[in-house]
Asks: 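Okay, handing you the structure first.
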Protein chains: 2
Amino acid sequence: MQSAHLREHNLSTVLAALAAASTSAAPISRAGLAKRTRLTKPTVSKLVEELVNASLVEEGEPISAGAGRPMVPLTPARGTLLAIGLEIAADHVACLGIDLAGEVLSHQIEYRKVTASSAEDAIDLAAELLGRVRAEAGDLPVVEVVVAVPGRIAPDDGRVLSAPNLDWTEVPLVGRLLAHPELAGLSVRAQNDNRLSVLTEIDHRPGESFIYLRGSTGIGGAVVLDGALMTGTHGWAGEFGHTVIEPGGATCRCGRQGCLEAYVSYHALRERAGLGDDVLIEDLVEALSLRSDRAEVIGMIGRSLGLAIANALNVLDLTTVVLSGYLAPIADELEPVIRETVEQHALAVEAGPVLIERSDGHADPALRGAARAALQPVFNAPGAWIGRTSPRSH
Amino acid sequence: MQSAHLREHNLSTVLAALAAASTSAAPISRAGLAKRTRLTKPTVSKLVEELVNASLVEEGEPISAGAGRPMVPLTPARGTLLAIGLEIAADHVACLGIDLAGEVLSHQIEYRKVTASSAEDAIDLAAELLGRVRAEAGDLPVVEVVVAVPGRIAPDDGRVLSAPNLDWTEVPLVGRLLAHPELAGLSVRAQNDNRLSVLTEIDHRPGESFIYLRGSTGIGGAVVLDGALMTGTHGWAGEFGHTVIEPGGATCRCGRQGCLEAYVSYHALRERAGLGDDVLIEDLVEALSLRSDRAEVIGMIGRSLGLAIANALNVLDLTTVVLSGYLAPIADELEPVIRETVEQHALAVEAGPVLIERSDGHADPALRGAARAALQPVFNAPGAWIGRTSPRSH
DNA sequence: GACGTTAGTTACGGTAACTTACTAACAACG
DNA sequence: CGTTGTTAGTAAGTTACCGTAACTAACGTC
């Protein structure tokens with residue numbers, strides 16, 4: 001490491017510690033940061049001074065906590081930078097703008113059916129919504145734009161390889177977005193929606209390691225190691241949907257046999273429950289609850305998930321599973337079935353209990369996660385953003 | 001990061017780059033290190049000077065390569081520090097002492113059946129062999145001792161939880177070893193033998209990501225991400241042996257059903273081939289090759305492995321698989337079967353070919369890996385070893 | 001033997017972080 | 001109401017690391 005990078009590294013450390021503290025609990029002081037980062041007080045003061053001058057951090061009113069001089073609370077600056085999340089889903093397009101503090105500066109959503117033929121329209125709409133968000137946020141400097149898509153994305157150029165839910169194949173999403181004037185000169189990335197959803201979960205479980213399973217159209221997911229999202233070669237790590245749970249079993253929409261999704265995807269469940277294709281994902285659970293064979297269906301879902309989870313836990317040696325999406329509302333019922341299956345097959349249980357937990361169901365975690373991801377460059381390299389913020393308004 | 005750590009960090013960087021260069025190809029010069037580490041020549045010179053003075057690095061005779069001043073080749077110092085690997089296996093106990101250059105300073109091995117009742121004897125023998133190694137190496141300062149055991153080890157205190165191959169359960173291995181005078185004051189760690197074997201493989205594939213599968217008594221393995229061994233919560237990540245490949249299938253020795261090991265472990269194969277339990281692991285492949293149903297057996301192994309591999313590849317999103325142990329000699333025959341199964345089930349194939357490769361069969365990779373692991377502290381924190389080496393002898 | 005080239009060193013300067021010692025602002029106590 | 005103790009934050013000076021620029025060293029080539 002070169003000495004010039006040392007400052008950058010420490011700036012990043014301080015800003016990250018500051019953000020972590022202010023999301024979790026009470027804001028933190030310079031002295032507190034010094035303790036957490038193991039840097040000295042003068043060093044932290046200098047770094048904080050730099051961050052405050054650059055409008056990346058703001059000081060609050062001094063707070064007295066018992067004896068001693070009151071601390072000056074530090075928080076990520078509000079309203080100085082704009083991070084933008086976009087979401088393209090089967091029935092809507094949305095855009096969310098947040099600032100460094102995670103505060104929502106603007107939220108735009110349009111409900112519209114997105115299909116293969118309307119791909120261009122959806123992309124145009126996304127650009128338009130993004131334009132509205134930028135305007136409503138007061139034309140702040142934009143950190144980055146991250147687009148959530150329910151499909152597979154080529155890591156190099158942001159092409160959507162396939163998004164079954166949208167009926168998209170080979171859509172050059174990022175390229176098309178960049179062609180719009182609203183996005184001129186911006187940095188745009190696309191990501192799988194499930195992988196972005198998990199970012200919201202990571203915020204609530206800093207530094208933890210867990211498997212994340214999300215039921216939406218298919219079964220998506222992610223692997224989180226020590227608070228960091230595992231990527232894999234193509235950025236697809238944690239795609240549990242096509243884990244084989246029964247060799248030669250039911251045929252999956254992907255053409256393979258015995259995939260988890262052949263048993264517990266939205267479509268598989270809908271068909272099994274004898275429901276029409278007009279039942280929304282959100283209503284699937286409720287529709288199931290009306291049926292007499294509910295327990296049986298829950299049991300089937302639980303055993304299928306349990307097998308996939310057990311294998312994943314064996315390979316990864318983790319002990320925590322977080323259920324999200326339409327799995328979250330039935331997590332309590334699924335838990336005993338999954339637990340039984342996991343305990344039959346997973347090795348990790350030898351060392352202690354496996355935790356099967358429910359996600360703290362945030363509204364639209366994918367969109368929020370996309371915006372959070374768009375914030376990341378600032379925390380990774382604060383130095384690059386010094387001098388590029390809008391001066392504080394209030 | 002504190003400024004004092006910067007030096008340590010750069011020392012580590014330089015030493016690691018130096019070691020990497022000298023294992024792979026021709027030794028490297030100060031100028032070469034400067035290029036690789038992106039530090040400047042004067043900085044590298046200063047750091048190298050420190051390492052040379054500390055007897056961690058040694059200079060060779062200048063080598064002229066075309067025009068310009070000849071370079072001074074730098075290599076990790078030989079015979080100044082001792083890293084010790086121990087191995088406790090079903091039929092032998094061994095000890096290997098190497099120096100920073102990876103050169104073998106002493107190798108001791110005793111063939112003896114190790115079982116539950118002879119656990120104490122085996123540990124005594126290990127300590128004795130270690131004493132011989134230290135003596136033969138000339139009482140050099142010992143970096144660390146790492147013990148390879150074919151079983152599960154508690155990460156906190158080095159207890160062997162279970163080692164089916166040795167018939168051990170709950171053996172306080174590290175504690176017992178430390179009680180011997182030969183190991184007084186040394187740092188001792190225990191590790192699973194398969195996880196240590198993979199270190200030898202990592203040396204040959206620096207920075208790569210792959211799944212490692214090793215056939216010995218059971219099917220062990222490891223997951224390597226960007227050249228780093230994945231640990232998991234208990235240090236068991238990559239234990240593929242008990243991946244479920246057929247729910248409700250054959251009963252495994254672990255008591256579960258449908259495990260991979262229930263189909264392709266040494267015992268399972270031996271029984272299937274109708275061989276007695278006097279066939280050594282090393283001879284298993286040869287014994288199989290004499291049978292008329294060889295192709296069928298290979299097919300069964302390949303399909304079983306393929307399923308486990310496909311699921312692991314799906315979850316981890318990796319594209320390379322390395323086969324080792326008794327799987328290595330039949331890797332060429334297994335490859336087409338595994339490939340077919342993987343292509344039927346794994347998603348990664350959509351993005352390109354999955355590579356199924358054979359390990360560069362080193363002799364006794366577990367023991368060698370243990371010694372390599374025992375070397376690691378020096379590369380991680382060279383500063384701590386400055387002033388603690390034995391002065392060069394030759 | 002002058003020149004170009006590559007390896008490595010020397011001298012110097014900038015910068016970041018640490019040490020020490022201070023001031024600031026409060027509570028508790030008598 | 002001052003004194004004392006405690007915690008937050010600042011100021012000044014020092015240390016140490018690394019980078020820059022310019023050098024020397026040791027070769028091959030023309």
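What you see is a predicted model; the values in this text were computed from it and never measured. In the text below, chain A, chain B and the rest are named by the order of the sequence lines, each starting its count at 1.
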Asks: Tell whether A:R69 reaches the base of C:dA25 with its side chain through a donor-acceptor pair below 3.5 angstrom.
Replies: no
Asks: So, is B:T43 near the phosphate of D:dC17, with a side-chain N or O under 4.0 Å from OP1 or OP2?
Replies: no
Asks: Nearest to the side chain of B:L39, heavy atoms from C-beta on, is which of D:dT10, D:dG19, D:dA8?
Replies: D:dG19
Asks: When the nearest nucleotide of DNA chain C is assigned to A:S64 and to A:L47 on a heavy-atom basis, which residue is associated with the more 5' position?
Replies: A:L47
Asks: Would you please confirm or rule out a distance under 4.0 Å between OP1 or OP2 of C:dG8 and any side-chain N or O of B:S45?
Replies: no
Asks: How many Å lie between CG on A:L6 and P on C:dC18, as a whole number?
Replies: 8 Å
Asks: Using heavy atoms to find the nearest nucleotide of DNA chain D for A:A4 and A:G32 separately, return the residue whose nucleotide is more 5′.
Replies: A:G32
Asks: In terms of side-chain heavy atoms of B:M71, which of D:dC18, C:dA7, C:dA17 is nearest?
Replies: C:dA7
Asks: So, are B:E50 and B:K46 salt-bridged, with charged N and O less than 4.0 Å apart?
Replies: no
Asks: Can you figure out which of D:dC18, D:dG9, D:dG28 approaches the side chain of B:N10 most closely?
Replies: D:dC18
Asks: Think B:R7 has a side-chain N or O under 4.0 angstrom from the OP1 or OP2 of D:dC17?
Replies: yes
Asks: Both A:P70 and A:K46 contact DNA chain D. Taking the nearest nucleotide for each, which residue is further toward the 5' end?
Replies: A:P70
Asks: Please pick, from C:dT9, D:dC17, C:dA17, the nucleotide with the shortest atom-to-atom distance to any side-chain atom of B:P42.
Replies: C:dT9
Asks: Taking OP1 and OP2 of D:dC18, is either one under 4.0 Å from a side-chain nitrogen or oxygen of B:T40?
Replies: no
